[in-house]
Amino acid sequence: MPEGNEVHRWAARHNAAFAGRRLNVLPGPNHRFSDAHLVDGKKLREVHAVGKHLGYEFGDDLYLHIHLGRFGDFTEGCGPLPEPKGALRAILQRAGSGKPARSVKGQPHNLTCAKDDGTQPFPPEDVDWCELRGPTDCSVYSKEKWQALLDRLGPDPLAHEPGDHDNPQRAFDAILKSKKPIAELLMDQQIISGIGNIYRAELLFRHRLNPFTPGEAMDLKTLKAIWKDSIPLLKAGMVDRRIVCTKRADRPSKQEPAPRGEEHYVYRRHGKPCFLCGEKILRRDLAGRTLYWCPNDQHTTAAENKTAYAHGTSLRANREAAKPGAAGRKRASALMED
DNA sequence: GCCTTATGCTCAC
DNA sequence: TGAGCCTAAGGCT
């Protein structure tokens, strides 16, 4: 369930564990990874990460493309493979490994993958295999197809190789030309790659921005500040498998690390008081995803606040209510009576 | 056990 | 713009 920070972390770990080695690449028991045989037994050259996409380069024009989507996740282990389960999609395993089995579901890590920072079950050098579950995509690309994907993606705040993906100017230009709200533009992977629903909500709050501001009404200085802020925020993103966006001084507890419930300013805090001003956090659907914001600190208008979901009703009921026409309202009222 | 929700994306209309 | 797909966890009955 990653945003760009976690995808880059997997790339770093899998490079350390698997790059330069021959791998067994196996489909799960549900036959949904029909390309496995194309890369099985081949040597992995390098793992690439751009935005939320992973590319396992096996040479010979073969890139295993993995996109975790909302639900995808890896499990890592050492030694013999565990019993396969139904939802499993793919396994990457060092050819010829055979240590005692240890496994752990995606664990807390920082992007740096420090070996001895206390957050690792074991260092990536000791990882013999990984299992993949629930990805949106797991298929083999040609180099041309991989490159076409890269060309389509906007700059990535976590890009570490000089080139297009580390140059934000393209993103700034696209935003300043658009009439769409900034909250929608920040989620658009063709504009900026790697930002997801948590970071967009939290970045907008950290810069006290009205999420409904049209891109063309933004100013370049603010866009540069958001970009600059996003880099350390994404890098430091994972603490105990949580994305933490609050500054220590802003947390009610003033504690470090952030206690549960104090990781985010607005994300999934609807109905709760803003840490800074006490106003209730609002939420609504925007382009198919839930947007969270503080009406006071983010200077939204009364009309904009009126579009927020009613408290105490389900997301589904609110989505139905937002649909035009009497039928939608009827469905919504039926749901709300539950 | 059912319902809801979730860090995402693609395709058809 | 809406439907569909992917999986797991938590809250509720």
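Each chain gets a letter, A, B and so on, in the order its sequence line appears, and its residues count up from 1.
Taking atom P in both B/dT10 and C/dA8, one finds a spacing of 22 Å when rounded to whole Å. Separating the C1' atom of C/dT1 from that of B/dT7 is a span of 23 Å, rounded to the nearest Å. Across the P atoms, C/dC5 and B/dC13 are found 15 Å apart, a figure rounded to whole Å. Between B/dT4 and C/dA3, the distance separating the two P atoms is 16 Å to the nearest Å.
The side chain of A/Thr290 approaches B/dA6 more closely than any other nucleotide in the set C/dA8, B/dA6, B/dT7. Minimum atom distance to the side chain of A/His67 is reached by B/dC9, of the listed B/dC9, B/dT7, C/dT7. When each of C/dA8, B/dG8, B/dT10 is scored by its nearest atom to the side-chain atoms of A/Arg152, the top-ranked nucleotide is B/dT10. Relative to the side chain of A/Ile198, the nucleotides B/dT7, B/dG8, C/dC6 differ in distance, and B/dT7 lies closest.
Atoms CG (A/Leu186) and P (B/dG8) sit 13 Å apart, rounded to a whole Å. For the pair A/Arg200 CZ and B/dG8 P, the computed distance is 9 Å after rounding to whole Å. Rounded to a whole Å, the CD atom of A/Glu3 is 13 Å from the P atom of B/dA6. Distance A/Asp188 CG to B/dT7 P: 17 Å, rounded to the nearest Å. At whole-Å resolution of the value, NE2 in A/His53 and C1' in B/dG8 are 9 Å apart. Taking atom CG of A/Asn197 as the reference point, atom P of B/dG8 lies 6 Å away to the nearest angstrom. Rounded to a whole Å, the CG atom of A/Leu149 is 12 Å from the C1' atom of B/dC9. Distance, A/Arg289 CZ to C/dT1 P: 16 Å, rounded to whole Å.
Taking the ring centre of A/Phe74 as origin, the terminal cationic atom of A/Arg13 falls outside the region bounded by 6.0 Å and 45° from the ring axis.
No donor-acceptor contact under 3.5 angstrom links the side chains of A/Tyr309 and A/His270, judged on distance only.
Qualifying side-chain contact (heavy atoms from CB on, under 4.5 Å) partners for A/Ala287, counting only residues two or more places apart in sequence or in other chains: A/Glu184. Residues forming a side-chain contact (heavy atoms from CB on, under 4.5 Å) with A/Ser253 (at least two apart in sequence, or on another chain): A/Arg251, A/Gln255, A/Pro259, A/Glu262. Residues satisfying the side-chain contact (heavy atoms from CB on, under 4.5 Å) test with A/Glu57, not counting sequence neighbours, are A/Arg45, A/Glu46, A/His48, A/Tyr63. The side-chain contact (heavy atoms from CB on, under 4.5 Å) search around A/Leu276 returns A/Phe205, A/Arg208, A/Asp250, A/Cys274, A/Asp297, not counting sequence neighbours.
Sequence neighbours left out, the pairs with a member in residues 168-179 of chain A that pass salt bridge (charged side-chain N to carboxylate O under 4.0 Å, His left out) are A/Asp164-A/Arg170, A/Lys179-A/Glu216.
Within the structure, every side-chain polar atom (N or O) of A/Arg70 is placed at least 4.0 Å from both OP1 and OP2 of B/dC9. The side chain of A/Lys52 places no N or O atom within less than 4.0 Å of a non-bridging phosphate oxygen (OP1 or OP2) of B/dT7. Side-chain N/O atoms of A/Arg32 include none lying less than 4.0 angstrom from OP1 or OP2 on C/dC5. Phosphate proximity of B/dT7 to A/Tyr267: present, with a side-chain N or O under 4.0 Å from OP1 or OP2.
Backbone-only engagement by A/Tyr292 is indicated by non-hydrogen atom pairs under 4.0 Å involving sugar-phosphate atoms exclusively.
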Checklist entry - If you write DNA chain C from 5' to 3' in dot-bracket form, with Watson-Crick or G-U pairs under 3.5 Å, [ ] for crossing pairs and | for pairs with another strand, what do you get? => result |||||.||||||.
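Ring orientation note: the planes of A/Tyr267 and A/His264 are nearly perpendicular, at an angle over 60° on the 30°/60° scale.
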